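Report on the following structure.
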Amino acid sequence: MRAYIILLLLYCTQTFAQSSVRIWDGTKTRAKAVTLIPYLADGDSHSTAVIVCPGGSYCWHGMKAEGTEVARWLQTNGISAFVLKYRVQGILPYLTHARLFYRGHQYPDPLNDIKQAITYVREHADEYHVNPRQVGVMGFSAGGHLAMLSAEQSHPRPDFIAAIYPVVSMSHPDCHKRSRRALLGEYGKLNRKMRDSLSVEKHIPQDCPPVFLVACEDDPIVKYHNSEMLDSALTARSISHRFVHYKTGGHGFGASDSKGTAECRAWKEEFLKFLKQHKL
């Protein structure tokens with residue numbers, strides 16, 4: 001009986017996700033910790049693909065609510081998901097300010113990782129049964145900032161973006177300072193030019209892909225005004241986008257069925273509608 005239960009658990013795990021892939025293997029980039037975990041939709045049809053970027057202030061990864069739970073939810077809705085573990089500062093360097101003495105992980109490392117992830121998924125589209133022209137990026141908090149960077153500074157560029165309670169500005173007083181320090185480095189965080197260059201609300205390209213944006217007015221971590229700035233910038237550029245905002249929900253709820261509020265958890269259905277609207 002015990003052996004049967006173990007086999008059943010192993011089977012269930014395999015149906016949810018395949019083994020992680022080191023997307024930089026075979027290249028000159030030494031980043032073995034950067035992985036992509038596929039959660040493939042059932043069937044042989046070429047589905048939409050979403051690369052999921054968990055948040056964590058560019059310091060760590062919120063892998064459960066903003067990673068695996070998101071991927072499994074997408075998978076059950078016929079969308080293939082790929083959870084990206086991109087390079088981040090790390091907790092110890094954050095606590096000790098050790099990057100005053102060595103570079104560590106900082107910009108453009110996470111951006112290079114999402115570029116490589118987009119390339120990898122498209123190159124393996126037939127293997128994964130996904131449509132290479134329907135590969136989007138979904139990010140949460142700092143991962144939402146990375147998702148927008150992929151639309152602004154990445155070649156190849158994703159086909160759509162979902163930014164959920166995203167970090168947006170690196171220069172405005174309402175910026176999320178922990179994310180700024182982690183991404184720009186101990187010295188870069190003081191560089192005005194660098195701050196401006198990584199403030200995604202200031203660099204929306206004219207050919208930006210469609211954007212799905214979610215934020216809560218009571219967010220205690222990343223100020224709601226970040227999403228308002230992004231919404232205004234997208235509107236000014238006439239970029240197709242949907243801004244879904246809620247009064248309650250806070251921050252960090254991801255695809256959890258218990259975190260946040262019933263109001264904010266409705267974002268998942270709104271995202272599915274967004275995909276249908278854009279025929280994705």
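The model shown is predicted, which means the values in this text are computed figures rather than measured ones. These numbers come from the heavy atoms of this one structure, side chains and all, not from hydrogens, waters or symmetry mates.
With 3.5 Å as the limit, one finds no donor-acceptor pair spanning the side chains of Q116 and Y86. No hydrogens or angles considered: a donor-acceptor pair under 3.5 Å links the side chains of Y58 and H145. Counting only N and O atoms by type, the side chains of T261 and T248 include a donor and acceptor under 3.5 Å apart. Side-chain contact, S171 with R195: no donor N or O sits under 3.5 Å from an acceptor N or O.
Of the possible donor and acceptor atoms, one in the side chain of N131 sits under 3.5 Å from a partner among the backbone N and O of R133. In this structure, R99 contributes its side chain and G104 its backbone to no donor-acceptor pair below 3.5 Å. For R122 (side chain) and P132 (main-chain N/O), a donor-acceptor pair under 3.5 Å exists by modelled atom type. Here the side chain of E66 pairs no donor or acceptor atom with the backbone of G254 at under 3.5 angstrom. Of the possible polar contacts, none joining the D109 side chain to the R87 backbone as a donor-acceptor pair under 3.5 Å is found. No side-chain donor-acceptor contact under 3.5 Å links Q89 to the backbone of H105.
K268 has its side chain within reach of W73: a pair of non-hydrogen atoms, C-beta onward, lies under 4.5 Å apart. Put simply, the side chain of V21 reaches to within 4.5 Å of the side chain of Y120, judged on heavy atoms. Annotation: side chain of D174 is not in contact with side chain of Y224 (no heavy-atom distance under 4.5 Å). Residues M138 and C53 have side chains not in contact (no heavy-atom distance under 4.5 Å, counting atoms from C-beta outward). Residues R242 and F271 are not in side-chain contact: their nearest non-hydrogen atoms beyond the backbone lie 4.5 Å or more apart. The shortest side-chain heavy-atom distance between T48 and S80 does not fall under the 4.5 Å cut-off. Between L198 and Q153 the shortest side-chain heavy-atom distance falls below 4.5 Å. Side-chain contact between V137 and V50: absent, with no pair of heavy atoms (C-beta onward) separated by less than 4.5 Å.
Interatomic distance, H129 NE2 to H124 NE2, rounded to the nearest 0.5 Å: 13.0 Å. Atom CG of L213 sits about 13.0 Å away from atom CD of E270, to the nearest 0.5 Å. Atom-to-atom distance recorded for L146:CG and L84:CG is 7.5 Å, nearest 0.5 angstrom. Interatomic distance, OG of S256 versus CZ of R265, reported as 7.0 Å (0.5 Å rounding). Distance check: R237 CZ to I204 CD1 gives 8.5 Å after rounding to the nearest 0.5 Å. Rounding to the nearest 0.5 Å gives a distance of 7.5 Å between CG of L40 and OG of S47.
With sequence neighbours excluded, no residue forms a ring pair (Phe, Tyr, Trp, His ring centres under 6.0 Å) with W24. Take F274 and apply the ring pair (Phe, Tyr, Trp, His ring centres under 6.0 Å) test, not counting sequence neighbours, and it matches F212, H278. The ring pair (Phe, Tyr, Trp, His ring centres under 6.0 Å) check on H241 picks up nothing, with sequence neighbours excluded. With sequence neighbours left out, the side-chain contact (heavy atoms from CB on, under 4.5 Å) criterion links H251 to S141, Y165, D219, P220, I221, V222.
In this structure, M229 is not a member of the same hydrophobic cluster as F140, with clusters built from ILVMFWY side-chain heavy atoms closer than 4.5 Å.
Annotation for R30: atom CZ does not count as buried by contact number, only 12 or fewer foreign heavy atoms lying within 6.0 Å. No more than 12 heavy atoms of other residues, nucleotides or ligands lie within 6.0 Å of NZ in K259, so this atom counts as exposed by the packing criterion. Around NZ of K115, the count of heavy atoms belonging to other residues, nucleotides or ligands within 6.0 Å exceeds 12.
For the residue pair S227 and P166, the shortest heavy atom distance occurs at OG-CD, 3.4 Å. Considering every non-hydrogen atom in both C175 and S169, the closest pair reads CB-O, 3.1 Å. Nearest approach of I118 to S150, heavy atoms of both residues: CD1-CB, 4.4 Å. Closest of all the heavy-atom pairs between H97 and E186 is ND1-OE1, 3.3 Å. Of all the heavy atoms in G249 and C216, the pair that sits closest is CA-SG, 3.7 Å.
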Requested in this report: Given side-chain contact (heavy atoms from CB on, under 4.5 Å), test E152 with C208 step by step and report yes or no.
Outcome: CA-CA 7 Å; E152 295 180 1; C208 182; 5.8 Å; no
Requested in this report: Check step by step if side-chain contact (heavy atoms from CB on, under 4.5 Å) holds for L184 and M170.
Outcome: CA-CA 9 Å; L184 277 65; M170 292 288 166; 4.1 Å; yes
Query - CA sep, side-chain torsions, deciding dist, call: T68, I37, side-chain contact (heavy atoms from CB on, under 4.5 Å) - result: CA-CA 9 Å; T68 56; I37 307 174; 5.9 Å; no
Query raised in the report: Can you list the steps and then say if Q75 with D42 is a side-chain contact (heavy atoms from CB on, under 4.5 Å)?
Result: CA-CA 8 Å; Q75 185 184 46; D42 290 336; 5.8 Å; no
Requested in this report: For the pair R157 and D207, evaluate salt bridge (Lys or Arg N to Asp or Glu O under 4.0 Å) and give the outcome as yes or no after the intermediate values.
Outcome: CA-CA 10 Å; R157 186 171 288 172; D207 58 348; 2.5 Å; yes
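Looking at R72 and E69, no side-chain N of the basic residue comes within less than 4.0 Å of a carboxylate O on the acidic one, giving no salt bridge.
Residues in residues 174-203 take part in no ring-ring contact (aromatic ring centres under 6.0 Å, His included) pair, two or more places apart or across chains.
When hydrophobic residues (I, L, V, M, F, W, Y) are linked wherever their side-chain heavy atoms come within less than 4.5 Å, the members clustered with I91 are W60, Y94, L95.
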